[in-house]
**Q** 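Take a look at this one; I'll ask things after.
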Amino acid sequence: MTQASAWFARHWRALAGIVAGGIVLAILGLSLFSSSSNPARALPDELRGEPDLYMRDALITEFEADGSMKYQLASQQIRHFESDQLTRLTTPDLALYHPTQPPWEISSKHGYIRETRSRQSSDELVFLRENVELKQVYADGRHLRLRSPALYLYPDRQYAETDQDVMIDTDVGRTKAVGLQGDLQRGSLNLFSSTAQRVHTIILPNQFK
């Protein structure tokens, strides 16, 4: 694997089934599999700051070993910058799947993907901003909709967190908080308050009759 974001880069190898055409494959080979025998040359001034890979209306799907869906990412625009190890997303829509629960549908206006490293392991971080929404809907009508100005998401662990205002709407009421840490696999959400604003919940009428 190259130095590109591991969570994102492993899907470029499968893009032939998503985006047709040898031109795309040629771009991928240049951006992600450059040979050490061909050292990179300085870019012309007009290309500085331009992405190494650019895609429009992209759809990327990953499956589990048993063939079940793991996640699906759609984005109006994808720009990958190799030197910064950064992938920028425009209007991303991400679906995280679970074998026994409805998928989490996650969307925002903007976002990026970056790899984070520690001494023990590395993890893929997706940062979302502007009109961030997480939604989970059950067949019986139960639902949860979470909105925030910005949110950090770790797709492999299905973990989310934010220190921004959070509003959660469900079929039983509405809750406001000033931060959140959530295990999306287990459906466990830890909400935070501040001295100026406590966690506040409104229960809809007729819920306990």
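Please read all numbers here as calculations on a predicted model, not as lab measurements.
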**Q** If I take atom CD from residue Q77 and atom CZ from residue R56, how far apart are they, to the nearest 0.5 angstrom?
**A**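 With rounding to 0.5 Å, CD (Q77) is 6.0 Å from CZ (R56).
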**Q** For F127, is the NZ or CZ atom of R129 found under 6.0 angstrom from the centre of its six-membered ring and inside 45 degrees of the ring axis?
**A**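 Relative to the ring axis of F127, which defines the angle, R129 lies outside at least one limit.
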**Q** Quick one: CG on L189 to CG on L134, what's the gap to the nearest 0.5 Å?
**A**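 Reported to 0.5 Å precision, the distance equals 9.0 Å.
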**Q** Would you say F192 ends up clustered with Y159 if hydrophobic residues are merged whenever their side chains have heavy atoms under 4.5 Å apart, either directly or through other cluster members?
**A**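 No; F192 is not reachable from Y159 via cluster members.
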**Q** May I have all residue pairs that pass salt bridge (Lys or Arg N to Asp or Glu O under 4.0 Å) and include part of residues 86-96, sequence neighbours excluded?
**A**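 The answer is none; no pair qualifies.
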**Q** In Å and rounded to the nearest 0.5 Å, what is the CG to CD distance from D163 to Q181?
**A**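 Taking CG in D163 and CD in Q181, the distance rounds to 10.5 Å.
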**Q** Would you say the side-chain atoms of T116 pair up with the backbone N or O of D123, donor to acceptor, closer than 3.5 Å?
**A**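 It does hold such a pair.
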**Q** Let's go through L94 and L89 carefully: what are the C-alpha distance in whole Å and the side-chain angles of both, what is the deciding distance for side chain to side chain contact (heavy atoms under 4.5 Å, CB included) to 0.1 Å, and is it a yes or a no?
**A** CA-CA 11 Å; L94 177 65; L89 309 171; over 6 Å; no
**Q** With a 4.5 Å cut-off on side-chain heavy atoms, are V178 and V166 touching?
**A**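 SC-SC contact between V166 and V178 ruled out.
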**Q** Locate the shortest heavy-atom distance separating S83 from D52; write the atom from each residue and the value.
**A**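 In this case the closest contact between S83 and D52 is N-OD2, 4.2 Å.
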**Q** If we only count heavy atoms from C-beta on, is the W104 to H98 side-chain gap below 4.5 Å?
**A**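 The answer is no; the side chains never approach within 4.5 Å.
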**Q** Look at the side chain of E124 and the backbone N and O of I113, then say whether any donor-acceptor pair between them is shorter than 3.5 Å.
**A**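 It does not hold such a pair.
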**Q** If we only count heavy atoms from C-beta on, is the I60 to E62 side-chain gap below 4.5 Å?
**A**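 A side-chain contact under 4.5 Å is absent here.
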**Q** Do T162 and V132 touch side chain to side chain, with heavy atoms closer than 4.5 Å?
**A**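 No, too far: nothing below the 4.5 Å cut-off.
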**Q** Can you measure from CD (Q72) to CG (L96) and round to the nearest 0.5 angstrom?
**A**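 Atom-to-atom, Q72:CD and L96:CG are 11.0 Å apart.
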**Q** Which side-chain N or O atoms in residues 137-154 pair as donor and acceptor under 3.5 Å with protein atoms at least two apart or in another chain?
**A**
unit_1: D140; atom_1: OD1; unit_2: R142; atom_2: N; d: 3.1
unit_1: D140; atom_1: OD1; unit_2: R142; atom_2: NE; d: 3.2
unit_1: D140; atom_1: OD2; unit_2: R142; atom_2: NE; d: 2.9
unit_1: D140; atom_1: OD2; unit_2: R142; atom_2: NH2; d: 3.4
unit_1: H143; atom_1: ND1; unit_2: G141; atom_2: O; d: 3.2
unit_1: R145; atom_1: NE; unit_2: E133; atom_2: OE1; d: 2.7
unit_1: R145; atom_1: NH2; unit_2: E133; atom_2: OE1; d: 2.9
unit_1: R147; atom_1: NH2; unit_2: D169; atom_2: OD2; d: 2.6
unit_1: S148; atom_1: OG; unit_2: A150; atom_2: O; d: 3.1
unit_1: S148; atom_1: OG; unit_2: D165; atom_2: O; d: 2.9

**Q** If you round to the nearest 0.5 Å, how far is CD of Q185 from OG1 of T100?
**A**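 Rounded to the nearest 0.5 Å, the OG1-CD separation comes to 9.5 Å.
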**Q** If a pair satisfies salt bridge (Lys or Arg N to Asp or Glu O under 4.0 Å) and one of its residues is in residues 177-202, list it, with sequence neighbours excluded.
**A**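 Of all non-adjacent pairs touching residues 177-202, those that pass salt bridge (Lys or Arg N to Asp or Glu O under 4.0 Å) are D183-R186.
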**Q** Could you check if a side-chain atom of D156 sits within less than 4.5 angstrom of a side-chain atom of K70, using non-hydrogen atoms only?
**A**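 D156 vs K70: side chains touch.
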**Q** Using the rule that Ile, Leu, Val, Met, Phe, Trp and Tyr join whenever any side-chain heavy atoms are under 4.5 Å apart, tell me whether V199 and L180 fall into a single cluster.
**A**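 Yes, it is one cluster - the side chains of V199 and L180 are joined through contacts under 4.5 Å.
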**Q** On a heavy-atom basis, which atom in Y54 and which in P51 lie closest, and how many Å separate them?
**A**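 Minimum heavy-atom separation between Y54 and P51: CB-CG, 4.3 Å.
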**Q** Test I78 against T87 for side chain to side chain contact (heavy atoms under 4.5 Å, CB included), laying out the working first.
**A** CA-CA 7 Å; I78 292 178; T87 302; 3.7 Å; yes
**Q** Could you report the tightest heavy-atom contact between A58 and M55, atom names first, then the distance?
**A**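 Here A58 and M55 meet closest at CB-CE, 3.7 Å.
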**Q** To the nearest 0.5 Å, tell me how far T201 OG1 sits from K176 NZ.
**A**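 Output value for this atom pair is 11.0 Å.
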